[in-house]
Protein chains: 2
Amino acid sequence: MPARARRTYHHGDLRNAMLQKALELVDEHGPEAVSLREVARRVGVNHRAAYRHFDDKRALTAAIAEQGYLALAVALEVSWAKSEKKAPRARVVALMDAYLDFALESSARYRITFGKRVNEDDRYPVLEATAERGFAVLMRALGGMRATPASREQVRDLGFSLWSLAHGYLQLVWSKRIRVRPELTARYFHALAVPLLDGWETTKKGR
Amino acid sequence: MPARARRTYHHGDLRNAMLQKALELVDEHGPEAVSLREVARRVGVNHRAAYRHFDDKRALTAAIAEQGYLALAVALEVSWAKSEKKAPRARVVALMDAYLDFALESSARYRITFGKRVNEDDRYPVLEATAERGFAVLMRALGGMRATPASREQVRDLGFSLWSLAHGYLQLVWSKRIRVRPELTARYFHALAVPLLDGWETTKKGR
DNA sequence: ACCTGAACACCGTTCAAGT
DNA sequence: ACCTGAACACCGTTCAAGT
């Protein structure tokens, strides 16, 4: 009796159930493994039921990405809160570590979150907003780093530099263009990022 | 008479024809649009004929990626040759420009070339080798940049930094996480990369 | 040696119908 | 309001057969 698998004919929380199963699928078999039909199968409903909650497959991907940006923002906020007693510069480094840790621990999720097709799509402005929430933490950390005041644009540029560096580094590591032992992946990133922070502090102070 | 479309029953150069049509497809409709069946259709053969030249779909993707790395390496080599009369640092900047130009002018190709799945796959060592050829140009340019000698490891780290920065920047621009007017995309990258070069020159000289 | 055609197990998406 | 089932047009891949 398949009817016993669910209490009622109506699932009740199908949207969240699908999102949950989709995330499991991403973690298990990578971003490409997500299909509407497989997710529906895992939840235990007809594949057509999905369309009550997601306009199309991309809408499901967008929901996964939104969840990803949100989890990333929360991870950064937690790091920021926990580093309160540290020096400003150490707080920035801690934040970068939190970013790398998040990406490395759930790399499939990270990859689907930053996937081009869904981020390009203007139908999901929520992605912009949620990503912004994470970037705001970095801006705050960088803003507090130097005694010498810098313009908002200068801080933003440094923020984009660090973000680009971290994101590109991760992609190149995953694509095997940068070869580094897995347990040293986060540490080696320091070697790349520190000169950027050094340059920022020394160059600006010198003026 | 479909037979008139080709001179003989045998195509003769099917592998190259498929690769060519695949690249057109990538440029026209993006990386996702490439399917063995569509490529075969465009060449004018049965989709099964593809399997004589490519083991599976990924092998076709790998061939596209190899072609991409090769074109990139050539673009960098051309830039390097053309900048012979410039100062060492200007040559590095010219090289970065060439990289950005290549990526922006054929972004779909760039994206499929650096695609994770195919680069992860150990069945295509040619990708490693061809990518290395491009990176070697950057290493040469950076090695010539400073009077003060640096170890090969230090130069390589700087190279990985610049590569990560450029690659991550491109991804974030394409994903709309960094918003910049299209005609300023390459110029804004300068603002991000220059501090890295400055930091490298000043920090090392000071010791 | 190289190409074809039918078949299989998957997709995403649409339409008409069921509860 | 929510879910189902058959159908359509696509995939990649395999097998047996054609030239």
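So you know, we letter chains A, B, ... as the sequences are listed, proteins then strands, and number each from 1.
Look at CG on N46(B): it is 14 Å from P on dA7(C), rounded to the nearest Å. At whole-Å resolution of the value, CZ in R42(B) and C1' in dC11(D) are 16 Å apart. Regarding F54(A), its CZ atom lies at a distance of 12 Å from the P atom of dC3(D), rounded to whole Å. Regarding M18(A), its CE atom lies at a distance of 13 Å from the C1' atom of dC3(D), rounded to whole Å. Put simply, CZ on R41(B) is 10 Å from C1' on dA9(D), counting in whole angstrom units.
Of the residues K57(A), K116(A), R58(A), R117(A), the one that meets the salt bridge (Lys or Arg N to Asp or Glu O under 4.0 Å) test with E32(B) is R117(A).
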What does the list of N/O pairs under 3.5 Å between the protein and nucleotides 12-15 of chain C look like, with a distance for each?
residue : atom : partner : partner atom : Å
dG12(C) : OP1  : L36(A)  : N            : 3.0
dG12(C) : OP2  : L36(A)  : N            : 3.3
dG12(C) : OP2  : R37(A)  : N            : 3.2
dG12(C) : N7   : R37(A)  : NH1          : 2.4
dG12(C) : O6   : R37(A)  : NH1          : 2.9
dT13(C) : OP2  : Y51(A)  : OH           : 3.2
dT13(C) : OP2  : K57(A)  : N            : 2.9
dT13(C) : O4   : R37(A)  : NH1          : 3.3
dT13(C) : O4   : H47(A)  : NE2          : 3.2
dC15(C) : N4   : R48(A)  : NE           : 3.1

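A salt bridge does not link D121(A) to K176(B): none of the charged nitrogens lies less than 4.0 Å from a carboxylate oxygen.
Applying the salt bridge (charged side-chain N to carboxylate O under 4.0 Å, His left out) criterion to E183(B), with sequence neighbours excluded, gives R181(B).
Counting only heavy atoms from C-beta outward, the side chains of L170(A) and W174(A) approach each other to under 4.5 Å.
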Result block: side-chain N/O donor-acceptor pairs under 3.5 angstrom for residues 38-46 of chain A, not counting sequence neighbours:
residue : atom : partner : partner atom : Å
E38(A)  : OE1  : R41(A)  : NH1          : 2.4
E38(A)  : OE2  : R42(A)  : NE           : 3.3
R42(A)  : NH1  : E28(A)  : OE1          : 3.4
R42(A)  : NH1  : E28(A)  : OE2          : 3.4
R42(A)  : NH2  : E28(A)  : OE1          : 3.3
N46(A)  : OD1  : R48(A)  : N            : 2.8

Enumerate, atom names and distances included, each donor-acceptor pair closer than 3.5 Å involving a side-chain atom of residues 127-140 of chain A, sequence neighbours excluded.
residue : atom : partner : partner atom : Å
E128(A) : OE1  : R177(B) : NH2          : 3.2
E128(A) : OE1  : R179(B) : NE           : 3.2
E128(A) : OE1  : R179(B) : NH2          : 3.0
T130(A) : OG1  : V126(A) : O            : 2.6
R133(A) : NE   : E77(A)  : OE2          : 2.9
R133(A) : NH2  : E77(A)  : OE1          : 2.9

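Remark: L142(B) CG to L197(B) CG distance equals 7.5 Å, nearest 0.5 Å.
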Bracket notation of DNA chain C in which parentheses pair within the strand, [ ] cross earlier pairs, and | pairs with another strand (Watson-Crick or G-U, under 3.5 Å): ||.|||||...|||||.||

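Residue pairs meeting the side-chain hydrogen bond (donor to acceptor under 3.5 Å, both in side chains) criterion with at least one member in residues 155-168 of chain A, sequence neighbours excluded: Y99(A)-W163(A), Y110(A)-H167(A), D157(A)-Y188(B), H167(A)-Q171(A).
Residue-level contact check: R15(B) touches neither bases nor backbone, having no heavy atom under 4.0 Å from any strand.
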